[in-house]
J.: 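Quick one: this structure, given as structure tokens, is what I'll be asking you about.
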Amino acid sequence: MPPTDQPSPCLLVIFGASGDLTQRKLVPSLYDLFQQGLLPEHFTVLGVSRTGMSDDDYRGKMLESVRKHARKFDQGQWDAFAKLLHYHPADPTNEADFSGISGRMSQVATDHQTGDNALFYLSLAPQFYDAVISNIGSSGLVTEGKSWCSINRLVRPWQRIIVEKPFGHDVESAAHLNRVLGRVFEDESVFRIDHYLGKETVQNLMVFRFANAIFEPIWNRQYIDHVQVTAAETVGVEGRGSYYDSGSGGAMRDMIQSHLLQVMAVVAMEPPGTMQAQDIRTETTKVLNAVRPIDPKHAEESAVRGRYGAGLVSDQAVPGYLQEPGVGENSQTETYAALRVDVDNWRWQGVPFFLRSGKRMARKLTQVVVQFKAPPHVLFSHRKADGPQRNRIVINVQPDEGIHLSFQGKIPGVGMKIGAVEMDFDYAEQFKAQPPEAYATLLLDAMRGDQTLFKQRQEIEQAWRIVQPILDTWAGDTEAALPTYAAGTWGPTDADYFMARQGRQWLNA
Ligand code: BG6
């Protein structure tokens, strides 16, 4: 079904309604959308999870989260919004519970006049996905079918599903999940979320590249030396130790396979023919398909890992990873990973992309650094006040969303002294606005049927294929002592040597 500008009436069913993601992101984002008048006129939410609660208990619980996490709170707005929230205690992995779920869905849909449109959100632990998707299918909740007559498409009700990450833990499990989804939903109704794609600056990257004539001609191997994509966090595993340590976590799976490869694909993609979802996703998928397969025999030339030890983060003493609750004492899980990616196509041949992510790093920072080559003929090298520096574009995804261009300028005064100068675009200052929460953008897009910022099935499977040789090598190397870094630093020194061996250096700013 083609996307619409206005979201149509909709019942949102959240499986995992009392979980952390629902409380920190989903309900506060819905409340923000409600305050801005962006939700459909007829809209309601049915939260489903196993905890016994009434509608009012649930609203009370969500009120706490909204107060804490929404952009701004207004009691009157909350009172109106709270009426849209409903709760049904059930175990969605149990098929027998679905007659109750389906009855409650019909009731709230009738009360709020949302018709048969339903958006399911899987905000559950990934081991439950299969069962819940199959139960949705076998309970007859998906009526949009392959046999629809196209003439009726615009008025047909729709049922869509948003699937949270992790989407599998390797190539095979991701392909399996795609098959399970395909048995119940049309591909155009499956929204595989990557909240990094919903971040304003990641979308702005496309505008930066394709709405300006001056950058695209230099966005290639002729001018660019390398690209760095960093996602550094100051938080640790935030009470998710047992999940993170279970074999589905670790920085390579949790951040690089998912978020960072996607951001890289947006940096590296060819201009799409149109801004239609399919055209954009075709181009990002082509980038991932062009990534040179990593030879497991040379894995150490492509990747580095590390684990944080105790240290100081923002002047607070924090424990090391092995002391976090739920983490095994013999854990080999990496909390830091860096990966070199080579894209074998005409544009990027010989331009490495370095992706890195770590927990408990020196500061929270997600950024893309596009490092340009030195000018072909250097006239001023002996006049530099601050050492050699080349042009650089830094795209700050978060915090301090913005874009910065560094270039060389003459330092005022007698004589020819050269120094680096910065040209800054600061999102908040320029637009006097805070970027929206990524989840608000993505929830609204799913209601509108716009898949542009969601991953397609081939993309996810290909991203797993890219990292799999490293994951396999690390999994086989159970005796290796993981390089450590003190919490509150920029990662293991091995990661600095890794870059130095390639004649480059991380930008930690
Ligand atoms: C999630 C990861 O996908 O992204 C978390 O599972 C991580 O481990 C989080 O902390 C980071 O998101 P953001 O938006 O804070 O950069």
Side-chain angles (χ1 to χ4, degrees), residues 16 19-26 28-29 32 68-69 71 121-127 129 162-169 174 191-203 205 229-264 266 305-308 313-314 318 321 324 326-327 333-337 355-368 395-401 427 434-443 453-455 460 463-464 467 487 491:
D20 188 53
L21 179 76
T22 307
Q23 295 190 54
R24 277 195 307 126
K25 298 289 185 187
L26 304 186
S29 298
D32 286 340
K68 234 193 269 167
H69 301 291
R71 288 283 155 91
Y121 199 119
L122 294 188
S123 172
L124 297 156
Q127 65 268 29
Y129 287 0
I162 301 182
V163 186
E164 252 307 323
K165 74 176 271 278
F167 198 101
H169 51 87
F191 291 74
R192 300 170 188 85
I193 210 162
D194 181 330
H195 77 279
Y196 268 54
L197 290 179
K199 290 186 190 282
E200 196 78 357
T201 330
V202 175
Q203 295 169 64
L205 242 166
V229 184
T230 294
E233 299 184 272
T234 50
V235 293
V237 281
E238 297 183 289
R240 295 190 305 155
S242 46
Y243 157 73
Y244 197 83
D245 209 47
S246 66
S248 295
M252 186 62 87
R253 286 189 167 89
D254 188 44
M255 295 294 288
I256 294 192
Q257 182 276 339
S258 47
H259 307 315
L260 298 201
L261 279 170
Q262 282 298 317
V263 174
M264 185 205 86
V266 176
R305 58 181 163 160
R307 175 175 65 214
Y308 63 82
V313 174
S314 314
V318 296
Y321 178 69
E324 299 276 11
V327 172
T333 304
E334 79 289 350
T335 60
Y336 175 101
L355 318 184
R356 67 171 166 162
S357 180
K359 294 207 178 280
R360 290 283 191 225
M361 304 265 283
R363 73 182 185 91
K364 175 144 178 94
L365 176 72
T366 304
Q367 70 176 14
V368 176
I395 295 135
N396 268 8
V397 175
Q398 63 183 14
D400 308 327
E401 290 81 354
Y427 194 102
Q434 245 193 315
E437 164 60 49
Y439 276 94
T441 304
L442 295 171
L443 279 163
L453 301 176
F454 294 84
K455 303 197 260 201
I460 295 208
W464 279 117
V467 299

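Both counts, for ligands and for their atoms, begin at 1 and track the order of listing. Model, not experiment: these values are computed from the prediction. FYI, side chains are in, hydrogens and waters are out, and symmetry mates aren't considered; it's all heavy atoms of this structure.
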J.: Could you work out, with salt bridge (Lys or Arg N to Asp or Glu O under 4.0 Å) as the rule, every residue matching K199, not counting sequence neighbours?
T.: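 For K199, no residue satisfies salt bridge (Lys or Arg N to Asp or Glu O under 4.0 Å) once neighbours in sequence are set aside.
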J.: Kindly give the heavy-atom pair with the smallest separation between L443 and S29, and that separation in Å.
T.: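 Taking every non-hydrogen atom into account, CD1-CB, 4.2 Å.
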J.: So, applying side chain to side chain contact (heavy atoms under 4.5 Å, CB included) with S258, which one of R253, K455, R192, H195 is it?
T.: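 Only one option passes, and that is K455.
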J.: Identify, with sequence neighbours excluded, every residue that meets side-chain contact (heavy atoms from CB on, under 4.5 Å) alongside T230.
T.: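 Counting only residues at least two positions away or on another chain, T230 forms a side-chain contact (heavy atoms from CB on, under 4.5 Å) with A232, R356, Q367.
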J.: Among residues at least two apart in sequence or on other chains, which ones pass side chain to side chain donor-acceptor pair (under 3.5 Å) with E164?
T.: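 Testing E164 for side chain to side chain donor-acceptor pair (under 3.5 Å), a comparison that skips the adjacent residues, returns Y121, Y439.
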J.: Less than 3.5 Å apart, any donor N or O on the side chain of D245 or Y321 sitting next to an acceptor on the other?
T.: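 Yes - a donor-acceptor pair under 3.5 Å links their side chains.
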J.: Less than 3.5 Å apart, N/O on ligand 1 and N/O on the protein: could you list those pairs with the distances?
T.:
unit_1, atom_1, unit_2, atom_2, d
ligand 1, 3 (O), K165, NZ, 2.9
ligand 1, 3 (O), H259, NE2, 2.7
ligand 1, 6 (O), K165, NZ, 3.0
ligand 1, 6 (O), D254, OD1, 2.6
ligand 1, 6 (O), D254, OD2, 3.4
ligand 1, 8 (O), R240, NH2, 2.5
ligand 1, 8 (O), D254, OD2, 2.6
ligand 1, 8 (O), K359, NZ, 2.8
ligand 1, 10 (O), E233, OE1, 3.3
ligand 1, 10 (O), E233, OE2, 2.5
ligand 1, 10 (O), K359, NZ, 3.2
ligand 1, 12 (O), H195, NE2, 3.1
ligand 1, 14 (O), H195, NE2, 2.8
ligand 1, 14 (O), K199, NZ, 2.6
ligand 1, 15 (O), K364, NZ, 3.0
ligand 1, 16 (O), Y196, OH, 2.5
ligand 1, 16 (O), K364, NZ, 3.3
ligand 1, 16 (O), Q398, NE2, 2.7

